[in-house]
Amino acid sequence: MVLLTFRLKVKNAETGATVEMELDGDNTVDEVIESAATFWNKDMGAYVLRKGKKVLRGGSTLGDTGVMAEDVLELIPDPEGG
Amino acid sequence: MPGAIDQDPFDRSRRIGWLDLGSVFKSRVLMVGAGALGNEVGKCLALSGFRRVTVVDMDRVVGSNLNRCLFFTREDARAGSDKAEVVARGIEGLSPEARARAVVGRLEDLPDRFYEGFDVVLGCLDNIPARVHANSHAYHAGVPYIDGAMEGFLGKVTVCLPPDGACVQCGMNRTHSKVADMRFSCTGEGVVFHEPRLAAEITTTSVVSAVMVRECLKVVSGRTDMALRNTFYYDGQRNVAEEVEVPLDPRCPNHPPRVLQVSENNITSGSVQ
Ligand SMILES: [Zn+2]
């Protein structure tokens, strides 16, 4: 199976900053979330990644999600308290 | 001069065409969690006309709750009053027709079929494991679950409509699992603290709670066509509020594969147990 390498941008919803990532189609959404959170030294917490108005499933590969090169995904904190 | 209509506490609610006040009055509402969200949700439920409310929480009031909890007082903090009891009495204080029942205890200790006795469940919880528990029990009981969450000026409300809608767990990923594993509680005499303590204040609590109860009004009025699809994100610091979709995850344990059951004369859908 040939896996394409492509670039996409992840935006930090809290600051508006973006980071460009080079990824394979078999990278998972979980991996993108953790890489971006680590890059921005995010606090320990839950985060989700969304494309437009849809939240992407953590275990899905980027290939499965239909993410395309040059797409901008957004990392948003998922609040836990109550 | 005020007339008869001005003496009716629900006159202005009756002017909302789609609102089914008869259903609101008789709906059985389960509120899990009686902390900050629980206080504000309790307030909105009482003033909206909900009269049959059950409140579950194991915790007791402490002083650090008082910046965001309408019904808690310094005396409650000093006495270590049970949160569920205080919120239930608060609801009854705002609505003379309301009968609010307090259950002081852990969600995990509720009887297996407890959720089946309700028309809607409101999640006012402060940690991921409790949220997963309430979400799955409501979903399996076929009861709509409306979950609220917040941290600082961030808020979120998710509406789960079984049997076909996505649930709260569908939107969770590996970061949620890690947080659930790492958070631990310092348990004192009936008081649970989650580590680290999370930022919390009243204005975001109010926004999240108001959206939760508004969605609850839609559900009990039979207007799920107007309900959130399915998550509301709120960032009070950036003044952003928007609706986002969490798609149903077929690998989520709350959605067993559905198969077609074919009989001679009809076709119905069912779940693989
Ligand atoms: Zn689910």
Side-chain angles (χ1 to χ4, degrees), chain A residues 8 10-19 21 23-68 71-82, chain B residues 32-38 41 123-128 130-131 147-156 166 170-180 182-183 194 196-200 204-205 208-209 229-231 233-235 237-238 240 242-252:
Chain A
L8 53 78
V10 177
K11 181 179 174 186
N12 181 340
E14 293 175 283
T15 64
T18 58
V19 61
M21 292 185 171
L23 297 155
D24 289 332
D26 66 346
N27 280 124
T28 65
V29 171
D30 277 329
E31 290 167 344
V32 177
I33 291 172
E34 288 168 347
S35 299
T38 301
F39 178 79
W40 282 308
N41 290 316
K42 292 279 192 189
D43 292 337
M44 176 69 197
Y47 296 89
V48 295
L49 195 65
R50 74 179 208 187
K51 179 187 174 188
K53 294 286 187 186
K54 279 199 176 182
V55 170
L56 303 179
R57 286 187 201 119
S60 303
T61 65
L62 294 177
D64 291 340
T65 63
V67 169
M68 314 281 283
D71 273 348
V72 179
L73 309 180
E74 192 170 29
L75 183 76
I76 47 181
D78 207 22
E80 180 190 3
Chain B
V32 287
L37 288 177
V41 164
C124 307
L125 300 161
D126 65 358
N127 67 89
I128 290 171
R131 198 165 268 123
D147 184 78
M150 57 181 191
E151 184 173 344
F153 286 96
L154 295 174
K156 180 185 164 189
C170 289
M172 293 185 175
N173 56 50
R174 207 154 67 194
T175 61
H176 296 80
S177 304
K178 286 184 179 172
V179 170
M182 285 187 70
R183 296 266 195 261
H194 293 280
R197 312 284 205 274
L198 302 175
T204 305
T205 306
V208 171
S209 305
R229 291 279 185 279
N230 44 14
T231 300
Y233 270 101
Y234 173 74
D235 182 340
Q237 204 158 287
R238 293 186 301 134
V240 173
E242 58 185 326
E243 190 179 34
V244 176
E245 183 191 350
V246 174
L248 189 145
D249 182 352
R251 284 170 293 189
C252 171

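Predicted, not measured: the structure shown is a model, and the values here were computed from it. Residue numbers start from 1 in every chain, and the chains themselves are labelled A, B, ... in the order their sequence lines are given, proteins ahead of strands.
- Taking 4.5 Å as the limit, some side-chain heavy atom of B:Arg251 sits within range of a side-chain heavy atom of A:Ser60.
- In this structure, the separation between CE on A:Met44 and OG1 on B:Thr175 is 8.0 Å, given to the nearest 0.5 Å.
- Only the backbone of B:Glu243 comes within less than 4.5 Å of a heavy atom of chain A; no side-chain atom from C-beta onward does.
- The two residues B:Arg131 and A:Pro79 have their closest heavy-atom pair at NH1-O, 4.5 Å.
- Using a 4.5 Å cut-off between heavy atoms, B:Ile128 contacts chain A through both its backbone and its side chain.
- Between the A:Arg57 side chain and the B:Pro250 main chain, no donor and acceptor come within less than 3.5 Å of each other.
- Across all their heavy atoms, A:Glu80 and B:Val179 have their closest contact at OE1-CG1, 3.5 Å.
- The most heavy-atom pairs under 4.5 Å with chain B, out of A:Val48, A:Asp78, A:Leu56, come from A:Asp78.
- Contact between B:Tyr233 and A:Pro77 at its shortest, heavy atoms only, is CE2-O, 4.0 Å.
- Inter-residue side-chain proximity for A:Ile33 and B:Asn173 is flagged as met; some heavy-atom pair is nearer than 4.5 Å.
- Using a 4.5 Å heavy-atom threshold, the side chains of A:Glu31 and B:Arg174 count as touching.
- More than 12 non-hydrogen atoms from other residues, nucleotides or ligands lie less than 6.0 angstrom from NZ of A:Lys51.
- Heavy-atom distances place no part of A:Ala37 under 4.5 Å from chain B, backbone and side chain included.
- Neither the backbone nor the side chain of B:Ala200 comes within contact range of chain A, judged by heavy atoms closer than 4.5 Å.
- Taking 4.0 Å as the cut-off between side-chain N and carboxylate O, B:Glu242 and A:Lys53 count as a salt-bridged pair.
- Counting heavy-atom pairs closer than 4.5 Å to chain A, the top residue among B:Leu248, B:Asp235, B:Thr204, B:Thr231 is B:Leu248.
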